[in-house]
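Only one structure is covered here, and it is reproduced in the block below.
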Amino acid sequence: MSQDQIPHQSPFVSKDMDQSNTESPNFRSYDLMKSPCDKETCLDNIKTPKDIKDSPWTERWYSQLQASLRLAGLPLTMDRTKEPRTGFTLSDVTVCILGSPSTCLSILLGGANLCPGSILLCLSPSWLSKIPSKMKAGENTLLLQKAVTFDLGGRSYLDNFDPPRRVTYFYTTSWSSHEECLPGLVALTSDLECPSGGSESLSQLLHNKLVTRLLLDNVGVVVPPTLAFTYKQAHAASSHVFTVEVSKKEGEETLLQEKIQNFLQSQDMHSAQQVAVEAASYRWSERCTATFHPSNDFPGILIAIKSLLQKLEEGESILLEAVYASLPVMRASTVETPAAFQRLVIQSLQNPQSALIEDFCEVTFKKQLLVINEACREHLVDEILNCMKFEQVQLKLEEAYNFLKSVICSAGRADKPLDHQIPSVPQTLETTLQLWGFTDEAQIRAIHQKVVDKAEDALRAVIEMEAGLSPEQRGGRRAQTEVIGVDFILTCVDQTITPVALGVNSHLCLMSCGVFETMNCLNASASGAGAESSSSLLIQTMVKRSQCYIMEGKEVLVIGAAGICKKYIWETTRDHGIKVHLVESDPDHFASLFVHDFIHYDMTDHKQDEAHAQWIVNMVHDRGIHLDGCVAFWNDCTVLAALVCEQLGLRCSPVWATCLSKRKSQTQFNLLCNKKNSIFSTTIASYAVPSCHVASHSDIERASCYVNYPGVLKLESGCGAVAAKMVQNKEQCHQYYEHISGILKAESDCPGIGLSCGNAMVLMEHVSGSEHDVDIIIYDGQLMGAFVSDNGPTRVPNFTETAACLPTYLPPDKEAQLVMAAYQSCLSCGLIDGVFNVEFKMMPTGPKLIEINARMGGYYLRDWILEIYGEDIMLANLMVACSVPPLMPRHCAQSRTYIVGVMCVLPLHLQALKTTASLEILQALRERGVIRLTMLFDGTVPAKFEDPCCSIACVGKTRVQACMQLISTCRFLGIHTNDYPVPYFTSEFK
């Protein structure tokens with residue numbers, strides 16, 4: 001309800017207690033209006049430890065934290081400072097957050113669930129110190145002596161650290177909200193070697209309303225028409241933001257009058273009924289300087305601008321902008337109002353002689369918006385909902401990924417526009433639109449999507465702006481903005497519902513979302529429901545950047561370079577500052593251009609892996625290389641890498657476990673014979689598929705007594721399903737074995753398919769059902785993360801992969817079955833450290849294991865997982881090798897992106913790859929964003945067997961959209977043929 005509905009002669013107080021004269025006799029005469037704060041509450045009993053009273057804000061923040069924890073139903077902080085914490089290493093994640101607990105509580109509590117004990121709240125700059133960096137000259141290592149540690153279950157502890165913990169990520173809300181912290185904080189956090197979520201320099205840019213308004217206007221985000229007077233600093237104008245440089249504070253009245261009149265009479269302002277005048281700069285970002293004027297009040301506008309001009313410092317500005325009204329409330333069907341209630345409504349509006357009646361009317365109208373009579377609807381409902389603001393929380397994962405995480409709305413009175421300093425109850429956009437009278441679900445979704453798109457445009461603009469800044473301008477080499485909030489008002493522009501951006505902020509959005517989530521968390525506790533925190537992606541970013549920082553400078557020995565499909569490994573490790581010592585048989589391999597140290601050694605005969613391992617170990621000792629880890633990304637080299645790790649004492653799964661997984665028949669036999677006395681023993685055995693090792697025709701006779709036909713005959717240590725084929729009976733099995741053993745004898749016969757370990761085969765019972773891959777990360781026997789992808793049907797009797805999809809189309813319970821099956825199968829085979837690729841068939845009775853690859857998934861999997869989930873399984877593999885636990889969320893955020901791809905197979909697509917789908921055409925389509933292309937090897941070389949040479953994929957907002965786009969693309973490129981029907985291969989994904 002607007003205040004202008006209350007007559008000026010009314011003796012009653014304003015509803016805004018902060019605007020009331022509390023000394024008036026009218027105020028003291030009403031017991032109902034007495035503040036409950038006059039009485040002692042349970043929050044006043046919180047005791048503050050003596051050793052944290054080193055500054056006023058430290059004690060205030062600590063008390064604020066305890067109050068927030070108690071209101072959230074969590075235990076208060078326990079003081080453990082008498083027993084300093086020890087034992088922390090340079091591999092430990094230490095995320096330090098300095099600032100108000102009310103702003104970052106959701107980060108602290110959510111971070112404790114992902115990495116308990118690694119998210120710490122610093123309440124004073126005096127708890128931090130810095131020393132010169134040992135890694136990079138001119139930078140400093142940040143150390144933390146004291147902090148509040150957050151653990152599982154919402155438990156928190158006040159701790160001292162001896163020796164101090166090395167900070168791996170620094171984030172603060174103090175750049176703009178607590179200026180008393182700044183003098184010491186700026187010097188303390190300058191030139192840090194660790195990543196930081198922002199800096200004073202970036203905060204000055206982000207909280208300068210003129211800078212962000214120009215930025216948003218230039219990328220097509222609608223902003224209010226604005227005239228900016230800048231003091232002694234020029235700014236380039238944009239389409240709807242006009243700038244005028246003022247060089248002095250006196251004697252510029254003629255210039256001001258001319259520019260103001262031209263602006264008010266411009267086409268952009270033809271529908272504006274009201275304007276606002278405010279100072280805009282970092283210094284004024286949290287001060288309420290705005291005054292509102294009718295658009296025809298030229299004298300008042302001029303006076304306001306001249307008044308603010310006297311207060312400006314060099315580089316600051318004054319904004320004159322149009323004030324938009326929110327959308328009018330849509331009409332709904334009228335419900336007849338009881339006569340008594342109608343009389344009460346009319347009386348309260350026309351002659352409010354009772355404060356009690358007035359308060360009753362306000363509450364009633366807010367609860368009964370759609371049942372009051374039509375005569376009062378327009379006057380009341382429009383005013384109550386006239387001031388409505390939408391806040392978008394945008395989170396950035398790495399520089400190439402950005403996600404909109406939450407849309408929060410606030411409602412207020414029309415005469416008092418909302419800002420973050422005025423308390424308001426947050427609610428969802430859908431609820432707000434329903435209150436506004438929107439009933440069409442499709443229209444609500446369309447409005448929501450329009451707001452989402454514009455908010456993401458805003459974040460992209462911020463990312464691009466920061467990318468063009470030097471380290472000095474950003475405030476540090478690793479300083480970047482991680483999260484922004486965009487304030488919109490939903491209004492009507494040119495008869496179109498349009499979100500108009502009012503401003504951008506950083507940490508204030510987290511406070512609003514924290515309030516919203518706390519309310520809903522309390523409700524979810526009772527109902528059993530739950531929701532992911534809006535800060536979850538920010539937490540993932542903090543942890544991810546921490547671990548990248550930890551990995552910088554690590555020295556890793558990589559055994560085997562593989563082909564062009566692994567090029568990303570060398571580029572990524574170089575970009576992350578990881579020193580790779582590569583051992584490779586090919587002296588001219590292209591990877592030598594990217595790695596720190598290239599070591600040529602012929603290890604093609606993997607039957608001699610023990611001798612190879614001894615040579616590599618001796619070489620490491622002779623060169624004085626101090627390794628942090630050793631790993632292999634190529635299937636042929638996994639056993640050799642395990643042997644090297646065993647001799648050098650590096651983290652890796654046992655040699656016997658790697659050898660076991662290398663032989664498919666032994667893997668199945670191990671599962672089948674799992675008779676351990678555990679609750680999972682029966683389940684693990686149920687994953688096994690009857691299989692037998694085949695090294696001669698006599699083995700086929702013996703296997704046929706155990707394995708039912710049809711069966712699958714394939715290489716025992718092969719990969720990529722090359723030369724795998726279905727056999728219907730024993731006779732076909734003999735014939736195909738004779739054929740394969742005659743043409744595949746050595747590695748040179750078909751490089752890269754596993755012949756370096758021999759040409760023995762395995763006969764496996766054919767299992768029907770859908771095929772799925774699980775890429776699983778295990779550290780010290782603990783499940784750290786898992787990603788499930790789907791495969792399409794194959795071209796039976798061959799089993800070469802045809803199509804794939806990510807995320808999986810399986811329901812959550814089936815997906816969980818696959819993850820648990822992969823985890824149990826790996827542990828049963830002794831694979832306790834590493835990133836593994838596990839292949840399953842999903843039957844109605846549950847998962848059946850096809851094979852375990854004791855290395856991370858190949859082909860396109862790393863690229864797709866990184867695109868959809870923002871998690872890099874290659875980097876996780878290196879972390880495990882270097883004894884750095886890869887911290888990943890157990891439940892990744894639900895993706896709004898789907899990828900569906902198809903394999904180009906030789907010799908089937910040889911002609912297309914030379915003409916309609918040539919490498920030049922595919923690269924051009926990739927550069928335009930039409931496809932995602934993963935090259936496996938040169939697609940113009942004839943092959944003896946069906947062998948994938950590249951993957952072509954399309955991205956869509958839905959799985960069906962991605963499928964349809966892929967099918968159309970494959971028809972255009974000539975990939976789809978009668979012998980290779982792409983619609984059939986992707987049919988299961990729909």
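The figures here come from the full heavy-atom set of this structure, side chains too, leaving out hydrogens, waters and symmetry mates. Keep in mind the model is a prediction, meaning the values are calculated, not measured.
- L65 has its side chain within reach of L105: a pair of non-hydrogen atoms, C-beta onward, lies under 4.5 Å apart.
- Here the side chains of L144 and F170 are not in contact, with every heavy-atom distance at 4.5 Å or above.
- No donor-acceptor pair closer than 3.5 Å links the side chain of S307 to the backbone N or O of I303.
- Contact check for V483 versus Y171: side-chain heavy atoms found under the 4.5 Å cut-off.
- Considering CG of L320 and CG of L264, their distance stands at 6.0 Å, rounded to 0.5 Å.
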May I have the step-by-step check of side chain to side chain contact (heavy atoms under 4.5 Å, CB included) for I539 and N113, ending in yes or no? CA-CA 10 Å; I539 296 167; N113 293 326; over 6 Å; no
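- Q540 places a side-chain heavy atom less than 4.5 Å from the side chain of E871.
- Scanning all heavy atoms of the two residues, the minimum distance from T432 to Q427 falls at OG1-NE2, 2.9 Å.
- Across all their heavy atoms, V219 and A461 have their closest contact at CG1-CB, 3.8 Å.
- Once rounded to the nearest 0.5 Å, the distance linking CG of L319 with CG of L210 reads 6.0 Å.
- Remark: T428 pairs with E430, T431, F516 by the side-chain contact (heavy atoms from CB on, under 4.5 Å) rule, at least two apart or across chains.
- Considering all non-hydrogen atoms of both residues, Q449 and K957 come closest at NE2-NZ, 4.0 Å.
- For R477, the salt bridge (charged side-chain N to carboxylate O under 4.0 Å, His left out) test picks out E139, with sequence neighbours left out.
- Partners of Q204 under the side-chain hydrogen bond (donor to acceptor under 3.5 Å, both in side chains) rule, at least two apart in sequence or in another chain, do not exist in this structure.
- Remark: the backbone N or O of L887 is paired with a side-chain donor or acceptor of Q547 at under 3.5 angstrom.
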Take R445 and H448 through the test side chain to side chain contact (heavy atoms under 4.5 Å, CB included) and record every step on the way to the result. CA-CA 5 Å; R445 287 195 299 269; H448 185 281; 5.5 Å; no
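- Here the side chain of S317 pairs a donor or acceptor atom with the backbone of A280 at under 3.5 angstrom.
- Note that CZ of R474 and CG of L205 are 11.5 Å apart. Values are rounded to the nearest 0.5 Å.
- Side-chain polar atoms of S102 and S100 form a donor-acceptor pair below 3.5 angstrom.
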Could you go through the side chain to side chain contact (heavy atoms under 4.5 Å, CB included) check for V246 and I318 one step at a time? CA-CA 10 Å; V246 179; I318 300 170; over 6 Å; no
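- The salt bridge (charged side-chain N to carboxylate O under 4.0 Å, His left out) pairs that include a residue from residues 268-279 are K209-E278, where partners are two or more places apart or lie in different chains.
- Between atom CD of residue Q480 and atom CD1 of residue I463 there is a gap of 8.5 Å, rounded to the nearest 0.5 Å.
- With a 4.5 Å cut-off on side-chain heavy atoms, C122 and L128 count as touching.
- Between the side chain of S266 and the main chain of F263, a donor-acceptor pair closer than 3.5 Å is present.
- Considering only residues two or more places apart in sequence or on other chains, S238 meets the side-chain contact (heavy atoms from CB on, under 4.5 Å) condition with L214, D217, N218, V241.
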Take I447 and F438, measure what side chain to side chain contact (heavy atoms under 4.5 Å, CB included) needs, and give me the verdict at the end. CA-CA 10 Å; I447 294 173; F438 288 85; 3.8 Å; yes
Candidate pair S199 and S201, rule side chain to side chain donor-acceptor pair (under 3.5 Å), full reasoning: CA-CA 5 Å; S199 64; S201 301; 4.5 Å; no
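- T491 contributes atom OG1, which lies 7.0 Å from atom OH of Y324 (distance to the nearest 0.5 angstrom).
- Residues forming a side-chain hydrogen bond (donor to acceptor under 3.5 Å, both in side chains) with T226 (at least two apart in sequence, or on another chain): R213.
- In this structure Q310 satisfies the side-chain contact (heavy atoms from CB on, under 4.5 Å) test together with K249, E250, sequence neighbours excluded.
- None of L255, V277, I260 except one satisfies the side-chain contact (heavy atoms from CB on, under 4.5 Å) rule with F229; the exception is I260.
- Between the OG1 atom of T498 and the CD1 atom of I489 there is a distance of 12.0 Å, given to the nearest 0.5 Å.
- Under the 4.5 Å side-chain criterion, counting only non-hydrogen atoms from C-beta, I444 is in contact with Q434.
- Counting all heavy atoms, side chain and backbone alike, S196 lies closest to R545 at O-NH1, 3.3 Å.
- Shown here are the side-chain contact (heavy atoms from CB on, under 4.5 Å) partners of S546, two or more places apart in sequence or in another chain: V93, V95, T168, Y169.
- When all heavy atoms of P499 and K450 are compared, the closest pair comes out as CD-CD, 3.5 Å.
- Among residues two or more places apart in sequence or in another chain, the salt bridge (charged side-chain N to carboxylate O under 4.0 Å, His left out) test is passed with E313 by R283.
- Salt bridge status for R460 with D457: present, with a side-chain N to carboxylate O gap under 4.0 Å.
- Put simply, the side chain of T58 gets close to the backbone of L123: a donor and an acceptor are under 3.5 Å apart.
- Residues V275 and P294 come closest through the heavy atom pair CG2-O, 4.3 Å.
- Of the possible donor and acceptor atoms, one in the side chain of E466 sits under 3.5 Å from a partner among the backbone N and O of T481.
- Shown here are the side-chain hydrogen bond (donor to acceptor under 3.5 Å, both in side chains) partners of K306, two or more places apart in sequence or in another chain: E253.
- In this structure, H235 has no side-chain hydrogen bond (donor to acceptor under 3.5 Å, both in side chains) partners at least two apart in sequence or on a different chain.
- In this structure, I119 and M542 have side chains that are not in contact, with every pair of non-hydrogen atoms separated by 4.5 Å or more.
- Contact annotation: the side chain of C409 never approaches that of F488 to less than 4.5 Å [non-hydrogen atoms, C-beta and beyond].
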